[in-house]
Amino acid sequence: MNETPNTSTVVVTDTVRVRMAPSPTGFLHIGGARTALFNWLFAKHHNGTFILRIDDTDMARSTDESMHEIYTALQWLGLAWDEGGDKGGPYGPYVQSERKPIYDAYVTQLLETGNAYHCYCTPEELEEIRAQARADKQTRSYDGRCRELTSEAVNGFTAEGRKPTVRIKMPDTPILVDDLVLGSRNIDPATLEDEVIVRSNGMPNYNLTSIIDDAEMQITHVIRGTEHLNNTPKQIAIAHALGLEVPQFAHIPLVLDSSGRKMSKRHHGDLVAVNRYREQGYLPEAVLNFVARLGWSYDDKQEIFSVDELIEKFDLERVGKSGSVFDIKKLEWLNSHYINQLSISARTDAVIPFWQAEGLINSIEKRDWLENIVEAVGERLTTFQDIIPQTRYFFTDAFEYEPKAVKKWWGGSEEKREKTSEILTNLLQILEEVPSFDVETVETAIWKYTDENDIKRVAAMQALRIALTGTSFGPSLFDIVALLGRDEVLKRIPRAIAHL
RNA sequence: GCCGCUAUCGUCUAGGGGUUAGGACGGAUGGUUCUCAGCCAUCAAACCGGGGUUCGAAUCCCCGUAGCGGUACCA
């Protein structure tokens with residue numbers, strides 16, 4: 001293979017390379033999903049590469065289980081990564097705990113160039129220093145006291161058995177942070193302190209590994225949440241000390257809860273767990289559409305975006321600067337929209353697992369019947385899980401009559417109950433005599449009865465609905481009658497009458 | 001405490017020196033209908049405050065205020 005590098009050739013470094021770097025300390029949460037989406041969209045839009053890196057330097061909290069949950073969540077969302085994770089690639093390994101030798105080499109370099117030093121302070125001492133600094137209203141908590149330790153002092157600490165951490169020496173010149181979303185600003189070095197970059201157990205820390213890997217993996221744009229904004233100058237300082245190339249940064253606003261606080265696994269549990277949305281019957285396109293609009297907008301009219309449109313239209317320049325509140329109502333609206341886009345057949349496929357989990361069906365042999373049920377339910381699903389309350393009575397007659405519905409439609413008074421009983425008895429007779437149980441025949445017969453006897457349609461229908469389903473809401477009653485079939489219907493009406 | 005970021009209807013947002021400040025979710029009301037959902041129609045609902053700059057400020061600048069984020073040998 002003949003490779004003659006031509007200096008005038010445009011190089012691969014122009015290719016966008018972005019990464020999502022979760023730490024596997026729990027499930028993927030909704031904010032993480034949005035970070036992943038923005039990165040992925042940015043990569044797709046620019047024909048770039050999307051990398052999944054696992055930032056698991058916190059060995060104590062990282063788990064394999066969590067890592068796999070993150071994989072499945074990302075896969076469910078359809079945010080496929082080109083490199084990293086379980087997939088490998090040319091810049092691997094992509095799991096930080098496997099990259100320790102790489103970091104060690106950089107740390108050695110930092111130590112040898114005098115850009116880093118050992119710190120022998122104990123956690124207790126540090127605690128004290130912090131408390132004092134705070135009391136003195138200092139900007140920095142750590143004062144850099146270990147920068148110039150005599151070898152005597154070091155020997156003393158070593159003799160005590162102290163294991164040092166490594167700290168980076170922060171520069172004394174301003175650091176320029178240029179952010180694609182927030183704009184650029186100069187950070188006063190006086191606000192920066194010598195960060196710990198290697199723990200006393202030898203494991204490097206986030207601020208070190210992150211920027212090293214971004215450089216090593218040729219990341220061009222770091223798109224992450226604003227909770228990392230304060231880390232950025234520290235990472236830039238480390239990169240400078242190491243002579244590494246600094247990527248472009250884009251800090252995207254936080255996803256907030258309804259009281260305006262950052263959404264977290266700890267405080268919001270299932271509400272933020274992407275995998276829970278899958279389990280509850282949300283569609284990935286709805287979740288994606290929803291989080292895309294958190295902090296990003298295209299114009300003043302479009303709310304619904306297909307994934308392809310998102311790829312085409314996504315742009316960092318249209319990302320806002322302020323946090324966005326997570327509004328489940330809007331997600332629900334989007335979800336029902338996307339559910340309604342699905343064909344009856346696809347909707348049936350999606351809903352079958354929910355019926356099965358509920359124990360309502362164990363085989364799917366009556367596929368046509370199931371599809372007819374789904375069709376009758378129509379646009380009444382917000383999530384697939386809603387199929388249960390909407391259709392339970394099709395599969396079992398072991399349901400209660402809803403007290404509120406009973407009171408309203410069957411009657412609170414003795415008199416009204418008698419009337420209801422009479423109506424149901426008449427309806428029973430009509431249905432017994434009806435030649436066929438199709439929608440049209442039943443409808444004609446019932447309307448004939450109500451209209452000729454001057455009975456309100458609503459009264460008769462609701463009385464019957466409760467008798468057949470136990471509830472006061474749901475699909476067209478004629479659909480229900482037809483789908484339930486003659487035997488079931490003729491069984492349920494007498495039972496209701498007896499209950500009165 | 002310190003450092004930083006942000007600020008348009010309840011929420012997501014558009015706009016941005018001169019607009020009746022627009023859309024969407026949610027809410028309310030009416031219509032359609034056997035109920036619910038849907039659909040249709042209508043309505044309520046916002047430029048954080050104060051100073052500048054300007055003929056004119058929600059928009060630009062400054063100062064407040066508030067909220068949030070960070071402040072770890074977490075990420």
Side-chain angles (χ1 to χ4, degrees), chain A residues 21-23 25 55-58 60-62 119 121-123 126-127 130 133-141 163-167 177 179 182 185 187-188 190-193 195-207 209-210 224-231 233 251 253-254 256 258-262 290 293-304 320-334 336 340 377-382 386 390 405 408-409 443 446-447 450 456-466 469 471-478:
Chain A
S23 65
T25 56
D55 282 10
D56 61 343
T57 52
D58 185 353
R61 292 197 304 147
S62 299
C119 169
C121 297
T122 64
L126 257 13
E127 185 69 35
R130 251 194 306 272
R134 192 171 176 140
D136 296 343
K137 303 194 176 188
Q138 292 294 307
T139 295
R140 293 189 277 211
S141 54
K163 295 263 187 279
T165 60
V166 178
R167 287 184 187 267
V177 175
D179 191 280
L182 265 12
R185 61 249 311 151
I187 304 301
D188 180 358
T191 66
L192 267 18
E193 62 183 60
E195 294 289 322
V196 170
I197 53 173
V198 182
R199 300 166 167 91
S200 55
N201 68 6
M203 199 61 192
N205 259 339
Y206 168 76
N207 278 318
T209 60
S210 183
R224 61 184 10 169
T226 42
E227 70 265 30
H228 289 297
L229 193 55
N230 292 314
N231 288 324
H251 287 92
L254 264 14
L256 312 170
S258 55
S259 50
R261 270 183 278 271
K262 177 179 148 187
F290 174 67
R293 288 285 290 101
L294 252 29
W296 173 85
S297 68
Y298 179 64
D299 58 19
D300 62 342
K301 34 184 87 75
Q302 191 170 359
E303 289 291 342
I304 308 284
K321 299 178 178 181
S322 51
S324 330
V325 173
F326 177 95
D327 179 13
I328 189 98
K329 289 284 187 194
K330 186 158 178 189
L331 208 208
E332 287 175 350
W333 169 71
L334 282 164
S336 66
N340 296 338
V377 168
E379 299 192 339
R380 272 166 273 249
L381 300 179
T382 295
D386 291 344
Q390 282 287 348
K408 177 161 186 196
W409 296 106
E443 182 169 356
I446 291 182
W447 285 165
T450 54
K456 274 193 187 150
R457 288 181 167 191
V458 127
M461 294 298 274
Q462 285 299 78
L464 183 58
R465 177 183 294 278
I466 296 164
T469 73
T471 68
S472 61
F473 62 88
S476 162
L477 192 50
F478 299 118

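Order of the sequence lines sets the chain letters (A, B, ...), proteins ahead of strands, with each chain counted from 1.
- For Glu443(A) and Asp136(A), each mapped to the nucleotide of RNA chain B holding its nearest heavy atom, the one lying further toward the 5' end belongs to Asp136(A).
- Taking a pair to require two hydrogen-bonding distances under 3.5 Å in either a Watson-Crick or a G-U wobble arrangement, G49(B) pairs with C63(B).
- Separating the C1' atom of C63(B) from that of A7(B) is a span of 15 Å, rounded to the nearest Å.
- Remark: C1' of G4(B) and CZ of Arg224(A) are 14 Å apart, rounded to the nearest angstrom.
- Both Arg185(A) and Phe478(A) lie close to RNA chain B; mapped to their nearest nucleotides by heavy-atom distance, the more 5′-ward contact belongs to Arg185(A).
- Judged as a salt bridge (Lys or Arg N to Asp or Glu O under 4.0 Å), and not counting sequence neighbours, the contacts of Asp55(A) are Arg53(A).
- On the C1' atoms, U20(B) is 23 Å away from G10(B), given to the nearest whole Å.
- For the P atoms, the distance linking A72(B) with C3(B) amounts to 15 Å, nearest Å.
- Arg261(A) is not listed as a side-chain neighbour of Leu256(A), based on a closest heavy-atom distance of 4.5 Å or more.
- With a cut-off of 3.5 Å on both Watson-Crick or G-U wobble distances, the partner of A24(B) is given as U11(B).
- Nucleotides G38(B) and A24(B), compared at atom P, are 15 Å apart to the nearest Å.
- Checked against salt bridge (Lys or Arg N to Asp or Glu O under 4.0 Å), Glu127(A) has the following partners two or more places apart in sequence or in another chain: Arg130(A).
- A gap of 27 Å separates the C1' atoms of G22(B) and G31(B), to the nearest Å.
- Atoms CD (Glu332(A)) and C1' (U11(B)) sit 14 Å apart, rounded to a whole Å.
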Under 4.0 Å protein heavy-atom contact, by nucleotide of nucleotides 20-33 of chain B - B base, S sugar-phosphate only: --BBSBS-------

Protein-to-nucleotide contact annotation, 5' to 3' order, nucleotides 69-75 of chain B [B base; S sugar-phosphate only; - none; under 4.0 Å, heavy atom]: BS-SBBB

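- On the C1' atoms, A58(B) is 13 Å away from A14(B), given to the nearest whole Å.
- Here C55(B) sits opposite G18(B) as a Watson-Crick or G-U wobble pair (both hydrogen-bonding atom distances under 3.5 Å).
- Side-chain rings of Trp333(A) and Phe290(A) stay apart, their centers remaining 6.0 Å or farther from each other.
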Heavy-atom protein contacts under 4.0 Å, nucleotides 35-50 of chain B, coded B base, S sugar-phosphate only, - none: BBBS------------

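- Pair assignment for G4(B): C68(B), on the basis of Watson-Crick or G-U wobble contacts that are both within less than 3.5 Å.
- For the residue pair Ser141(A) / Glu193(A), a side-chain donor-acceptor distance below 3.5 Å is found, with atom types taken as modelled.
- Base-pair partner of G30(B): C40(B) (Watson-Crick or G-U wobble, both distances under 3.5 Å).
- Contacts of Arg457(A) classified as side chain to side chain donor-acceptor pair (under 3.5 Å), with partners at least two apart in sequence or in another chain: Asp451(A).
- Counting heavy atoms of neighbouring residues, nucleotides and ligands inside a 6.0 Å radius, atom OH of Tyr298(A) does not exceed 12 of them.
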